[in-house]
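In what follows, a structure is listed as structure tokens, so that the remarks can point back to it.
Counting starts at 1 for both ligands and their atoms, in listed order. Here the structure is a predicted model, which is why all the values come from computation and not from measurement. One-based numbering along the sequence shown.
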Amino acid sequence: MQLVIIADIDAAKGTSTTSELATEYADNVTFIECDVTNQESVEDTLGKAKDTYGRLDIISNNAGAMMENDPIGTINLNLCGVIRVAAVAMSYMRADKGGSGGIIINTASLTGVKPSYNCPAYCASKSGVIGFTRSFAMNPDFDLHKVRMNCLCPGMVDTPMIQGVLDEDGKEGRVLNFDRFRYAANLPQLKPSAVADVFIDLVENESKNGAAMLITVEGPPRDIEFPIY
Ligand SMILES: NC(=O)C1=CN([C@@H]2O[C@H](COP(=O)(O)OP(=O)(O)OC[C@H]3O[C@@H](n4cnc5c(N)ncnc54)[C@H](O)[C@@H]3O)[C@@H](O)[C@H]2O)C=CC1
Ligand SMILES: CCC(=O)/C=C/C=C\C[C@@H](O)/C=C/C=C/C=C\[C@@H](O)CCCC(=O)O
């Protein structure tokens, strides 16, 4: 039986999402409030998950935001948060330390490989997520710990993050050029389900360890090919 824990800093949104899912998945979905920028919060959350369900198999490292008005905070959330959750999760997942192996899927972005003057700190954070993912997956210790790692690199996706930036009408400075963002936000967008489909394929396809998956409206999802030096 698959059991799911939703962890988020936004307790209102997390509990409402869990309630919605509970209509279909009953008690198999629970919510734990978590701040991925806080080590103790991450340790408490993943510790509760392990204590509740006995094992961790699949981690979606998805927390992130666009905050060019807080570039260091952007790195702290989007990159350090991913690294922190992965490190704590590994301590429970690694097969050579009592775990069952599994997969950690980090959410990067198209902007991790396609720079944009509009959000340099965001781009840097997502480039870092890609580099962390690919470096982690290259480790020969995989044969011991059996935890795969991948990242998702979507283009624009129709989610509250985009609408939130639009609603602020540039007043918060989440991007450097709001008109440019408004232009980008009016381009064709992916549906969240398109990203979820790639997530599921990575869980099921054990041959893609380390792949960074490009997901855009221009064509089917594909592994990003990086130069070899
Ligand atoms: N919407 C888009 O066009 C794209 C989004 N992404 C990435 O997808 C991921 C999900 O974002 P979206 O669903 O688009 O936006 P979203 O704003 O709906 O979701 C982000 C979630 O992260 C949570 N969060 C923020 N700070 C947190 C913290 N300190 N600890 C725990 N949770 C925290 C928020 O409460 C929110 O539920 C992010 O990493 C984002 O950078 C990547 C490519 C495109
Ligand atoms: C691209 C920077 C921006 O203003 C909007 C960012 C919005 C969402 C978050 C990010 O993870 C996804 C970006 C996807 C961009 C897709 C296409 C862009 O190339 C459109 C052109 C915008 C630009 O280059 O400034």
Contact between G155 and ligand 1, counting heavy atoms under 4.0 Å?
yes
List ligand 1 atoms under 4.0 Å from [X], heavy atoms only on the residue side.
{"X": "L77", "result": "26 (N), 27 (C), 28 (C), 29 (N)"}
{"X": "M156", "result": "3 (O)"}
{"X": "C34", "result": "30 (N), 31 (C)"}
{"X": "G64", "result": "20 (C), 22 (O), 38 (C), 39 (O)"}
{"X": "D35", "result": "28 (C), 29 (N), 30 (N)"}
{"X": "Y122", "result": "5 (C), 6 (N), 7 (C), 40 (C), 41 (O), 42 (C)"}
{"X": "D10", "result": "35 (O)"}
{"X": "K13", "result": "36 (C), 37 (O)"}

Measuring from atom [atom1] of [X] to atom [atom2] of [Y], what distance do you get when rounded to the nearest 0.5 angstrom?
{"X": "I83", "Y": "T133", "atom1": "CD1", "atom2": "OG1", "value": "9.0 Å"}
{"X": "M90", "Y": "K97", "atom1": "CE", "atom2": "NZ", "value": "8.5 Å"}
{"X": "L202", "Y": "N209", "atom1": "CG", "atom2": "CG", "value": "10.0 Å"}

Test your reading of the structure: does [X] have an N or O sitting under 3.5 Å from an N or O of ligand 1?
{"X": "I162", "result": "no"}
{"X": "V36", "result": "yes"}
{"X": "K126", "result": "yes"}

Given salt bridge (charged side-chain N to carboxylate O under 4.0 Å, His left out), test K13 with D8 step by step and report yes or no.
CA-CA 8 Å; K13 181 160 39 171; D8 199 296; 5.4 Å; no
Looking only at protein heavy atoms, which one is nearest to [atom], and what is the separation?
{"atom": "atom 24 (N) of ligand 1", "value": "I9 CG2, 3.9 Å"}
{"atom": "atom 7 (C) of ligand 1", "value": "T107 CG2, 3.6 Å"}
{"atom": "atom 14 (O) of ligand 1", "value": "T159 OG1, 2.6 Å"}
{"atom": "atom 43 (C) of ligand 1", "value": "P154 O, 3.4 Å"}
{"atom": "atom 18 (O) of ligand 1", "value": "P160 CD, 3.5 Å"}
{"atom": "atom 3 (O) of ligand 1", "value": "V157 N, 2.7 Å"}
{"atom": "atom 42 (C) of ligand 1", "value": "A108 O, 3.2 Å"}
{"atom": "atom 35 (O) of ligand 1", "value": "D8 OD1, 2.6 Å"}

Begin with the C-alpha distance, continue with both residues' side-chain angles, and end with the deciding distance and a verdict on side chain to side chain contact (heavy atoms under 4.5 Å, CB included) for F199 and N150.
CA-CA 9 Å; F199 185 100; N150 291 100; over 6 Å; no
Any idea which part of [X] is under 4.0 Å from ligand 1, heavy-atom wise: side chain, backbone, both or neither?
{"X": "M66", "result": "neither"}
{"X": "Q189", "result": "neither"}
{"X": "P192", "result": "neither"}
{"X": "N62", "result": "both"}

Are side-chain N/O atoms of [X] and [Y] paired as donor and acceptor at under 3.5 Å?
{"X": "T37", "Y": "D35", "answer": "yes"}
{"X": "N62", "Y": "S60", "answer": "no"}
{"X": "S125", "Y": "N78", "answer": "yes"}

Is there a side chain to side chain contact (heavy atoms under 4.5 Å, CB included) between V203 and I105 once you walk through the steps?
CA-CA 8 Å; V203 169; I105 300 177; 3.9 Å; yes
Would you indicate whether R182, at its atom CZ, is surrounded by more than 12 heavy atoms from other residues, nucleotides or ligands within a distance under 6.0 Å?
yes
Would you please test L166 and F181 for side chain to side chain contact (heavy atoms under 4.5 Å, CB included) and show each step?
CA-CA 8 Å; L166 289 172; F181 177 86; 3.7 Å; yes
I need the contact residues for ligand 2: any residue with a non-hydrogen atom closer than 4.0 Å to the ligand, ordered by chain then number.
M66, S109, L110, T111, K114, S116, N118, C119, Y122, G155, M156, M161, I162, R180, F181, A184, L187
Given I215, which of D197, V195, V157, L110 fulfils the side chain to side chain contact (heavy atoms under 4.5 Å, CB included) condition?
V195
Does some side-chain heavy atom of [Y] sit less than 4.5 Å from a side-chain heavy atom of [X]?
{"X": "V198", "Y": "P154", "value": "no"}
{"X": "Y53", "Y": "T30", "value": "yes"}
{"X": "M156", "Y": "T216", "value": "no"}
{"X": "V29", "Y": "I6", "value": "yes"}
{"X": "C34", "Y": "V42", "value": "yes"}
{"X": "F132", "Y": "M149", "value": "yes"}

Option of least heavy-atom distance to atom 4 (C) of ligand 1 (set: M161, E33, Q163):
M161
Contact bool for atom 12 (P) of ligand 1 (protein heavy atom, d < 4.0 Å):
yes
Within 45° of the ring axis of F226 and under 6.0 Å from its six-membered ring centre, is that where the NZ or CZ of R134 lies?
yes
